[in-house]
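From a predicted model like this one, the values you see are computed outputs, not experimental measurements. Numbers here simply count residues along the sequence, with the first being 1. Indexing begins at 1, ligand by ligand and atom by atom, following the structure's order.
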Amino acid sequence: MGRAFNFSAGPAVMPEAVLQQAASEMLDWHGSGMSVMEMSHRGKEFISIYEQAEADLRELLAVPAHFKILFMQGGGLAENAIVPLNLSQGGAMDFVLTGSWSQKSLKEAGKFGTARVAATAQADGFTTLPAPATWQIGADSRYVHICSNETIHGVEFHQLPDLKALGCDAPLVVDFSSHVASRPVDWSRVGLAFGGAQKNLGPAGLTLVIVREDLMGHALPHCPSAFDYKLVADNQSMYNTPPTYSIYIAGLVFQWLKKNGGIAAMEQRNIAKAQLLYDFLDSSSLFENRVAKDCRSRMNVPFFLRDESRNDAFLAGAKAANLLQLKGHKSVGGMRASIYNAMPIEGVQALVAYMREFEKTQA
Ligand SMILES: *Cc1c(COP(=O)(O)O)cnc(C)c1O
């Protein structure tokens, strides 16, 4: 069996060129006589890998100089605790609930301070985004949290909210785990953004944090040292041993992104891929997507068969056609196609062709 088209939500598809390069460098990285995973994180070889990865990411995402890029561990879920430990100062935080991931963030932050709901789209099953003008943000807010792409519900902010225009001086915290590097980021609207690597950047184990400098240095006294952004930043993400191999692979992904035209080109590809799939879903009498058109995710496309008794047949046929991991998240049901940067348009074309055929034969 050759490589399949893998629609997993995460860990997810990787660019094939990156896997090939990693394979060829596995035993001996650039004549060093070592695999990257055997290197000291303080040695000159790994430091060069780390510095290149950071510089490439800063260039790709156009991260301004007054933001620090941190390579951490713990995943998006650990950041749900690490962010309040660093930014809440024991005060109140406001959360916009747009799906499972922002709900989790709210719940965890409540352990470290007062976590409030500024707005929620729960009433319509998380198929819309509450308009920023309706958000209830306290004047004492330490930060406002959003998940800019809800991986499970398939809802995406196509524009980050402008909190200043809402009369709010609090920083915006963004969980961009599942669409980082799929589109440009307007850093003028962001205080801190975090994301696990395993959706769109590389292997699990690496967590990216990009934080405005003035927000560091205010951690609660009981914040673990390894999670104190200031300490991590002051030590170039090497206060403790960073996930070296994951950083190396993510660095190869950054080079692949640069070679393929950077984030602007990636965004155009992602728009084309998503449009292909959504256009088919909207024209189908068997399949449907229930998310409001103006906030549909370009990365995670949940969809349903109107006749759910055909779900198993759909998944079995997909597997036979080498289209893998299409089963929806158990909390939502149905199907989900995650079409991250590394999913080529050919994968989406093959999926749509299969769905078209399935619909015809089942009619
Ligand atoms: C996957 C995901 C997470 C959780 O990441 P872990 O690495 O499992 O902790 C958090 N937020 C979003 C939006 C995600 O997609």
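A search for salt bridge (Lys or Arg N to Asp or Glu O under 4.0 Å) contacts involving E16 returns R3, not counting sequence neighbours.
For the residue pair N289/R296, the side-chain donor-acceptor check at 3.5 Å is satisfied. Side chains of H145 and S105: a donor on one and an acceptor on the other come within 3.5 Å. Counted by atom type alone, E150 and S100 present zero donor-acceptor pairs between their side chains at under 3.5 Å.
Ring geometry for F314 against Y354 counts as tilted: the plane angle lies between 30° and 60°, on a 0 to 90° scale.
Ligand 1 lies under 4.0 Å from heavy atoms of G75, G76, L77, W101, C147, N149, T151, D175, S177, S178, Q198, K199.
Taking the centre and axis of the six-membered ring of W256, the NZ or CZ atom of K259 falls outside the cone set by 45° and 6.0 Å.
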